[in-house]
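We count residues from 1, following the sequence as given.
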Amino acid sequence: MNELYPIGDVARRTGLSVSAIRFYADEGVVAPTGLTEGGFRQYDVQAIARLELVRTLRDLGAGLDDIRRVLAEESTLPELAARHLRLVEDRLRQFRARRAVLRTIVRQHTTTDQVSLMHKLVSMSDDDRDQLISRFWDFVTDGLDVHPGYLDRLRSRRPHLPEEPSTEQLEAWIELAEIVQDERFRTELRDHFRRAFGAEQGKLMATPEMLARAEQRRLLYLEAQAAQQAGVPADSPQARDIAERMAADSAGFVSAMTGDHDLDKARRSMIGFDRTRSAQTRAKLTGTNLMVRYTTLVATINGTPKPDPDKTAAVQEWMAAALRRGTT
């Protein structure tokens with residue numbers, strides 16, 4: 001015969017209070033194994049094990065009905081766990097969204113109306129987010145007379161919020177959703193594109209041929225960046241080879257735009273790179289900076305590399321040094 005334990009011992013073994021054990025008995029979750037002659041409840045080891053399971057499942061947030069089904073073998077423990085996991089993950093997503101809103105409120109001087117907007121933004125469906133970005137690009141590119149392929153490239157720059165976004169990604173989405181609806185931001189970026197591509201030379205920049213050249217240049221830059229970050233010395237043959245190819249590519253790019261091919265001029269331009277002067281020039285490019293802000297937020301949301309002017313400057317300095325050493 002199994003040994004029976006009084007309710008006080010059961011409470012110590014399970015960590016449940018006596019009142020909780022009585023409650024589970026009264027609710028038909030775990031009945032006592034037997035009663036003493038005086039009417040006191042007693043439990044055997046199997047009942048104690050069931051009470052320990054009840055405590056664990058309750059700590060995980062399971063309801064009494066679900067626990068009854070598991071104990072009655074009407075539902076398996078993995079099935080209960082799977083259902084509850086979905087609920088927990090959904091709550092976690094909600095908490096992340098709330099945390100992002102609260103952190104944004106703390107960081108900014110947020111009005112009551114903005115709080116409601118932020119909550120709405122983080123609760124958007126994937127389709128709603130996609131439509132919001134599509135409306136933004138429809139406005140910005142309206143009337144832009146460039147090759148359709150370039151418009152497609154612009155429109156493809158859109159955020160894809162993951163199923164389990166970090167707080168940083170949610171905060172970036174809140175900011176992005178706000179600026180793409182901001183009339184001033186939208187209008188200034190549209191005006192920037194119209195100025196940039198209003199002349200024939202601008203339209204040429206948006207042709208498939210020039211876009212292919214731009215992609216070639218990007219890949220060459222990534223090669224230079226990888227070598228520089230790997231610690232390849234600027235006075236090495238590898239650095240010189242990359243820098244010379246970049247100079248040739250720059251000369252070819254300008255030649256395709258203007259018909260004037262001048263490799264020496266391209267090399268001099270690279271050798272004369274100055275970080276401070278470059279930053280000052282970049283600060284004056286309002287339209288470009290608007291696009292950089294948009295691109296940075298999208299990269300944060302998508303978990304892809306963000307534009308980094310300091311890293312770019314370091315690569316340019318590395319190539320300048322490589323070319324200077326080649327002339328000595």
Side-chain angles (χ1 to χ4, degrees), residues 86 88-111 113-142 144 149-190 192-193 211 214-215 218-219 221-222 225-226 229 282-283 285-312:
R86 287 193 293 270
V88 170
E89 289 176 340
D90 185 57
R91 292 297 298 275
L92 282 174
R93 282 191 287 271
Q94 292 176 21
F95 279 126
R96 288 194 190 96
R98 291 174 187 172
R99 181 172 63 177
V101 171
L102 290 171
R103 287 180 61 166
T104 304
I105 292 171
V106 170
R107 193 175 61 249
Q108 300 177 358
H109 297 293
T110 308
T111 66
D113 290 341
Q114 286 175 312
V115 172
S116 299
L117 174 61
M118 289 177 194
H119 182 69
K120 179 182 178 181
L121 292 177
V122 298
S123 303
M124 273 183 161
S125 68
D126 290 343
D127 286 342
D128 288 339
R129 283 192 292 269
D130 197 56
Q131 290 175 21
L132 178 63
I133 299 300
S134 292
R135 288 195 296 271
F136 166 72
W137 282 117
D138 286 345
F139 178 87
V140 170
T141 60
D142 181 43
L144 195 60
Y150 183 73
L151 295 179
D152 290 341
R153 285 169 68 102
L154 286 178
R155 292 173 179 275
S156 69
R157 298 181 181 183
R158 55 183 61 223
H160 301 286
L161 199 65
E163 286 189 16
E164 297 186 4
S166 66
T167 301
E168 182 187 22
Q169 288 171 313
L170 284 169
E171 289 175 346
W173 164 245
I174 291 173
E175 183 178 348
L176 180 67
E178 287 179 337
I179 65 172
V180 299
Q181 297 178 89
D182 181 79
E183 195 65 25
R184 180 177 177 182
F185 182 90
R186 288 152 46 100
T187 302
E188 287 186 358
L189 189 58
R190 182 184 65 183
H192 161 69
F193 281 122
L211 291 177
E215 175 62 14
R218 186 185 73 86
L219 295 175
Y221 167 79
L222 291 177
Q225 182 184 58
Q229 292 182 349
R282 190 170 60 250
L285 302 176
T286 305
T288 300
N289 290 330
L290 293 175
M291 194 61 199
V292 168
R293 183 182 178 192
Y294 175 91
T295 302
T296 299
L297 292 169
V298 169
T300 301
I301 295 166
N302 294 346
T304 54
K306 294 175 279 190
D308 190 328
D310 289 335
K311 286 184 178 179
T312 300

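Residue Thr286 holds its OG1 atom at 11.5 Å from CG of Leu189, rounded to the nearest 0.5 Å. In this structure, CD1 on Ile174 lies 11.5 Å from CG on Leu297, to the nearest 0.5 angstrom. Here the straight-line distance linking atom NZ of Lys311 with atom CD of Gln229 works out to 5.5 Å at 0.5 Å rounding. In this structure, CD in Glu178 is found 10.5 Å from CH2 in Trp173, a value given to the nearest 0.5 Å. Rounding to the nearest 0.5 angstrom, the gap separating the CD1 atom in Ile301 from the CD atom in Glu171 is 11.5 Å. Ile179 contributes atom CD1, which lies 13.0 Å from atom CZ of Arg184 (distance to the nearest 0.5 angstrom).
Contact of the Arg218 side chain with the Leu222 side chain is registered, since non-hydrogen atoms from C-beta on lie closer than 4.5 Å. Proximity of Val298 to His160: side-chain heavy atoms (C-beta onward) are nowhere separated by under 4.5 Å. Under the 4.5 Å side-chain criterion, counting only non-hydrogen atoms from C-beta, Ile133 is in contact with Pro159.
Residues satisfying the ring-ring contact (aromatic ring centres under 6.0 Å, His included) test with Phe193, not counting sequence neighbours, are none. Evaluation of the salt bridge (charged side-chain N to carboxylate O under 4.0 Å, His left out) rule for Arg190 yields no partner, not counting sequence neighbours. Legend: residues meeting side chain to side chain donor-acceptor pair (under 3.5 Å) with Tyr294, ordered by chain and number and at least two apart, are Trp137. Every side chain to side chain contact (heavy atoms under 4.5 Å, CB included) that Thr304 has, sequence neighbours left out, goes to Ala299, Asn302. Remark: Asn289 engages Arg282 in a side chain to side chain contact (heavy atoms under 4.5 Å, CB included) (not counting sequence neighbours). Residues passing the salt bridge (charged side-chain N to carboxylate O under 4.0 Å, His left out) test with Lys306, sequence neighbours excluded: Glu168. Evaluation of the side chain to side chain contact (heavy atoms under 4.5 Å, CB included) rule for Arg153 yields Leu211 as partners, not counting sequence neighbours. Listed by chain and residue number, nothing satisfies the side chain to side chain donor-acceptor pair (under 3.5 Å) test with Arg186 (two or more places apart in sequence, or in another chain). Residues passing the salt bridge (charged side-chain N to carboxylate O under 4.0 Å, His left out) test with Arg157: none are found, sequence neighbours excluded. Residues meeting the salt bridge (charged side-chain N to carboxylate O under 4.0 Å, His left out) test with Asp310, sequence neighbours left out: Arg275. For Glu183, there are no side chain to side chain donor-acceptor pair (under 3.5 Å) partners, not counting sequence neighbours. Residues forming a side chain to side chain contact (heavy atoms under 4.5 Å, CB included) with Thr288 (at least two apart in sequence, or on another chain): His192, Leu285, Val292.
Across Thr300 and Ala172, no two heavy atoms sit closer than the pair CG2-CB, 3.7 Å. Nearest heavy atoms, Gln169 versus Gly303: NE2-N, 4.1 Å.
Proximity of a side-chain donor or acceptor of Gln181 to a complementary backbone N or O of Ala177 within less than 3.5 Å is detected.
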